[in-house]
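Some notes on the structure that comes next.
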Amino acid sequence: MTLLLGTLDELPTEYLDTVLTHNAVPLWPSLRSILPHGRPINRTVPHVWRYDGLRPLLLKAGELAPMDKAERRVLMLANPGLEGAPFATATIFFGLQLILPGECAPNHKHTVGAVRMIIEGKGGVTTVGGEACPMEKGDLIVTPAGDWHQHDHYGEGPMIWLDALDAPVVCGIEASYCTEGTPQARSSRPDASQTRYRRSGLVPYDTLARGAKDYPLLRFPWSEVRAALEDLAVGTPLDEAVHLAYVNPESGRECTPILGFSALMLRPGEQLQPRRRSSSHGYLVVAGRGESEIDGRTLVWEENDVFVAPTHATIRHRNRSSEERAFLIQIDDAPLQRKLGCYEEFADTAAS
Ligand code: 1HN
């Protein structure tokens, strides 16, 4: 047992040096960094990125970084606990992306999966495998790993959105690469949210014979999500979350394999304390203002801010307005954790 609690310093230097020259390392002095007791050791810290501070810097990037050179004009949100790695949590990449009127972020595809959540602007279109997805505030648009995608801006003023990617995971397993393409031909048919999956509970008939596709629905319009939350709130008691998951309408499972997406509504003055979960979480504030206490740290947020919580965190959200509703899109790595068999929800709400 004493060996387990030791440090590398306690080993005879000559022994340690010889082991290291063989490109080997003794496990026992550092076993607890791989297998800590009770709760993971978090490097990720609770953090909020204020949109007010970042927006002018993103607009400045519009002057400094021409699209033909930048390919993607993105400010990456780097968690201060991750020591320079440009990731929001250990599994979630967040970036704020800007395109200007007339610009095109050119067609490419990659092994990293991405989801866009629109923050401001009108007239943007993300084309995914030929399907044109209009970008309106609050919309969520999936660009699956391996699918061609490009972003065009046919409107006026800046078009800004939050990118959420599984890049930390795909880079971590050394599986990330990109292929550049020529501009996509675009279908004139409206996207699937307006045609094949117009109403929940209804799917194209042939789904029954062929089984679920991986990504039948790419765009989840905010107008529909917000209305669904407001309808769900009717009759939901104040101590129960008004919370809806974005799913594949054919399988009922999460809409991407690594990251999960869901929408939360906080009624005026409402305070929510979800069960403690093993997943890490990010949030985009679509509307409203409030605060979240994460592992004892209070983060104050308002519209368009982004904040994160590490794995296993104790989280409390509060709507600070007594009149307005607040809406959050939650991003988490629960789908990945479920696949790995390490997803847990804890009965207690306090960190152990
Ligand atoms: C990417 O391809 C996009 O396609 C945005 O818009 C952000 C961040 C890292 C790697 C690839 C995009 C990205 C990205």
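Values reported hereafter were calculated over all heavy atoms of this structure, with side chains retained and with hydrogens, waters and symmetry mates removed. The shown structure was predicted, so the numbers you read here are calculated from the model rather than taken from an experiment. Every number for a ligand or one of its atoms is a count from 1 in the order of the listing.
- Linking Ile, Leu, Val, Met, Phe, Trp and Tyr residues whenever their side-chain heavy atoms come within less than 4.5 Å places Phe87 and Leu96 in a single cluster.
- Heavy-atom proximity to His110, at under 4.0 Å, picks out these atoms of ligand 1: 1 (C), 2 (O), 4 (O).
- If you check which protein heavy atom lies closest to atom 11 (C) of ligand 1, you get Leu165 CD2, 3.8 Å.
- Of all the atoms in ligand 1, the ones that sit under 4.0 Å from a non-hydrogen atom of Phe93 are 8 (C), 9 (C).
- The closest approach between a heavy atom of Arg116 and any atom of ligand 1 is below 4.0 Å.
- Although no hydrogens or angles enter the test, the distance criterion places no donor-acceptor pair under 3.5 Å between the side chain of Asp332 and the main chain of Ser280.
- Shortest non-hydrogen contact noted between Ala90 and Pro168 is O-CB, 3.2 Å.
- What sits closest to atom 7 (C) of ligand 1 on the protein, heavy atoms only, is Asp163 OD2, 3.7 Å.
- Checked against a 3.5 angstrom limit, the closest N/O atoms of His149 and ligand 1 fall inside it.
- Residues Ile294 and Leu299 are in side-chain contact: their nearest non-hydrogen atoms beyond the backbone lie under 4.5 Å apart.
- Atom CG of Asp191 sits about 10.5 Å away from atom OG1 of Thr127, to the nearest 0.5 Å.
- In terms of polar-atom proximity, defined here as any N/O pair under 3.5 Å, Arg72 does make such a contact with ligand 1.
- Every atom of ligand 1 is numbered from 1 in the order shown, and the set under 4.0 Å from a heavy atom of His151 is 4 (O), 6 (O), 12 (C).
- Assignment of Met76 to the shell around ligand 1 is not supported, since no heavy atom sits closer than 4.0 Å.
- Between Thr91 and Asp333, the side chains place a donor N or O and an acceptor N or O closer than 3.5 Å (distance only, hydrogens not considered).
- In terms of the salt bridge (charged side-chain N to carboxylate O under 4.0 Å, His left out) criterion, Glu180 has no residue partners (sequence neighbours excluded).
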